[in-house]
Amino acid sequence: MQEMQPNKKKTASFVMVMLLIFAVINIFVYYRFMNQQITEVGYNVFMEKIEKKTIKEASIQSNQILFKDTDGNVYKTGLMEDPQLYERLYKSGATFGAEIISQTNPILYYGVMLLLQFGLIFFLWRFVSKRLMKRMGDNPDMLSFSMGSGKSNARVYVKSNNDVRFRDVAGEEEAKDLLSEIVGYLHAPEKYTEIGATLPKGALLVGPPGTGKTMLAKAVAGEAEVPFFSISGSEFVQMFVGMGAAKVRDLFKQAKEKAPCIIFIDEIDAIGKKRDASLTTNDEREQTLNQLLSEMDGFEGNTGVVILAATNRPESLDPALLRPGRFDRRIPVELPDLKGRVDILKVHAKKIKISENVDFEVIAKTASGASGAQLANIVNEAALKAVREGRRVVQQDDLMESVEVVIAGYQKKNKILTNKEKLVVSYHEVGHALVAAMQTQSAPVTKITIIPRTSGALGYTMQVDEDERNLMTKTELMNKIATLAGGRAAEELIFNEITTGASNDIEQATKYARAMVTRFGMTEEFDMVAMEVVTNQYLGGDTSLACAPETQTKIDRMVVEIVQKQHKKAREILEANVQKLHEIAKHLFENETITGEEFMDILNSSENTLLTKPSE
């Protein structure tokens, strides 16, 4: 699709040019008058300048003498009886007898110059305006919006050869199925009106950031081949009360003129938040919301305008905005599953030169939980890495490294660890890996590294599930907490000391343990009672406790007990397999990075005389 922006930059440039021309003309006129100011001097000065031969021109009039010196200054003196005057002037080299300066009235002269300036500006303005209008008339796809504060500044996309279609959006098949009906209505509304069905007024796209909500809205317009008005909710919010509502009216007015068409409002929560007692009737956001509600559910019948909106905070929207008749459909745009990630990677891989032996499924498994935007970034990072290393095609290793870049950041090649720190990090990471490997129902280890990353991690252990997981059992969560405690347990066992390196492990372990108690009902004491409420589920999932203070104390005690139990379990696993802990940590210390296959080969080698699995 072709995006047409308002001609604000062109208009501003034109105004600047006009102001520059105005300033230049004024400077010229001022300089002209300053240079033509006549200074009255005595006759003796006139005689001195004749003697010095500094007079360039002289005009002898009936009652005065005007003369100009070689510096361009004009002087006036009285006329005296001097028979030798002309002879002396002639000998000095001056020309005389001509008009030195026009005696035009300065005020009249300056007034005429101002009129000429305004006339020139008006002529240029008319000329440029006609050229712009002619261009808009020659190109029906070009739409320009006024710069007025009450005008909508929505960006308009019209049909072109490069429009976005459903085939360009991967990983969101359910959302595409729900939106395809809107496309069908815009293509052939008579099939629906014949049976009595009405076009949905609006569809609300809900999901985490980067999942392709805006791309889906563009794909709907591309499939339907109708104009697409795009604007952000924050653009309606103005300093002056009433301007946001005026923009809403102007947007819908223009959309109705282009109907059938689609209006897309991104981040609609900027104007669509719940109204409450804290808002006054003169609040700008409330007036804008009221105008939007009115436009979406007015007295007019179906106008062929479909409103699509996107948000990642649906719980904050006003109920009046979400009711049927306004946003009739709520379409979830969730993080893609394994198949969706594979499809997204393939779509973005078409834009780069990539090796034929790349296994997208392996990349997709490694990038579990990544959004569409993150997957696009992974492909781009892989292409950049290939260029840095002087290759012309992207290989599997490039994509795997780019996954780690997105997860943990770039490698910090200038980060120097002391041998003691490097040894501690080696045992710490092997502690994680060994505890994970010695438990059932744990994701297999695929990589261990002690190369520092820009995220602040001095090393990390990567685990990748064989299959896509949608549910986690209580045993799996307990094992995950034990795996997180494995790093600290290894430090205690080998060095009889603990470090700050387990801070993120502690945070994650506490988070899982608290969720088991307050949200997942995995304790006998609270059974299936929720003690915590999740808000902003698409923006990190903030939580707040919804229980009495006494209950909070019990929750804290239970969380501590769960983490302590799994910490003890991790310590027991490492004590039972301390020889393998030493052997793998030594290998990691020397090589800095080992793969999951190398880790399992060492773990399952015949020298493993102490390898045992403790009871769960």
Side-chain angles (χ1 to χ4, degrees), residues 368-369 427-445 457 460-465 469-494 496-535 537 540-578 581 612-616:
S368 178
Y427 275 100
H428 182 104
E429 297 303 331
V430 174
H432 288 308
L434 192 55
V435 172
M438 299 309 299
Q439 296 180 114
T440 59
Q441 302 185 43
S442 289
V445 175
Y460 64 90
T461 301
M462 181 181 292
Q463 294 177 260
V464 178
D465 282 304
R469 306 296 300 275
N470 297 304
L471 295 173
M472 291 191 71
T473 65
K474 181 179 179 179
T475 301
E476 290 171 337
L477 284 171
M478 290 291 192
N479 288 347
K480 188 175 283 291
I481 296 173
T483 301
L484 289 167
R488 169 60 65 83
E491 294 178 17
E492 295 171 339
L493 179 63
I494 304 302
N496 293 319
E497 185 63 277
I498 57 178
T499 69
T500 59
S503 60
N504 184 256
D505 301 333
I506 295 170
E507 181 181 346
Q508 294 297 318
T510 305
K511 177 182 176 182
Y512 285 125
R514 183 170 292 276
M516 291 175 65
V517 176
T518 60
R519 293 169 50 202
F520 302 148
M522 292 182 174
T523 58
E524 295 180 0
E525 184 170 350
F526 293 142
D527 197 23
M528 293 181 60
V529 178
M531 300 294 174
E532 201 170 45
V533 178
V534 179
T535 57
Q537 59 174 325
D542 298 333
T543 59
S544 59
L545 288 171
C547 56
E550 297 81 6
T551 307
Q552 295 182 24
T553 303
K554 292 182 180 179
I555 292 172
D556 293 337
R557 187 187 71 250
M558 296 171 70
V559 169
V560 172
E561 289 176 355
I562 291 174
V563 175
Q564 286 179 337
K565 181 179 179 181
Q566 298 309 309
H567 185 189
K568 181 180 178 182
K569 175 184 173 183
R571 178 71 179 258
E572 292 174 354
I573 291 175
L574 296 179
E575 287 175 346
N577 300 277
V578 67
L581 177 61
T612 57
K613 288 188 178 182
S615 58
E616 297 291 341

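- Contacts of Arg514 classified as salt bridge (Lys or Arg N to Asp or Glu O under 4.0 Å), with partners at least two apart in sequence or in another chain: Asp556.
- To the nearest 0.5 Å, atom CD of residue Glu525 and atom CZ of residue Arg557 are 5.5 Å apart.
- Screening residues 546-555 for side-chain hydrogen bond (donor to acceptor under 3.5 Å, both in side chains), with sequence neighbours left out, gives no hits.
- Shown here for Ala482 and Gln566, the closest heavy-atom pair between the two residues is CB-OE1, 3.6 Å.
- In the model, Thr483 has a side-chain atom that pairs as donor or acceptor with a side-chain atom of Gln439 under 3.5 Å.
- Pairing each heavy atom of His567 with each of Ala485, the nearest pair is CA-CB, 3.8 Å.
- Of all heavy-atom pairs between Gly486 and Val435, the closest is CA-CG2, 3.9 Å.
- Pairing each heavy atom of Cys547 with each of Ile555, the nearest pair is SG-CD1, 3.9 Å.
- Inter-residue side-chain proximity for Met478 and Met516 is flagged as met; some heavy-atom pair is nearer than 4.5 Å.
- Looking only at side-chain heavy atoms (C-beta outward), Lys569 and Asn479 come within less than 4.5 Å of each other.
- Looking only at side-chain heavy atoms (C-beta outward), Phe520 and Met472 stay at 4.5 Å or farther from each other.
- Listed by chain and residue number, Thr461 satisfy the side chain to side chain donor-acceptor pair (under 3.5 Å) test with Glu429 (two or more places apart in sequence, or in another chain).
- With rounding to the nearest 0.5 angstrom, the OH atom of Tyr512 is 9.0 Å from the CD1 atom of Ile481.
- Considering all non-hydrogen atoms of both residues, Leu484 and Gln508 come closest at CD1-CB, 3.7 Å.
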Apply side-chain contact (heavy atoms from CB on, under 4.5 Å) to Asp505 and Arg488, showing your working.
CA-CA 9 Å; Asp505 301 333; Arg488 169 60 65 83; over 6 Å; no
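- Heavy atoms only, all atoms of each residue included: Ala490 and Leu574 are closest at N-CD1, 3.4 Å.
- For the atom pair OG1 (Thr473) and CE (Met522), the distance works out to 7.0 Å, reported to the nearest 0.5 Å.
- A 4.5 Å side-chain heavy-atom check between Val578 and Ile494 finds at least one atom pair inside the cut-off.
- The OG1 atom of Thr499 lies 10.0 Å from the CD atom of Glu492; values are rounded to the nearest 0.5 Å.
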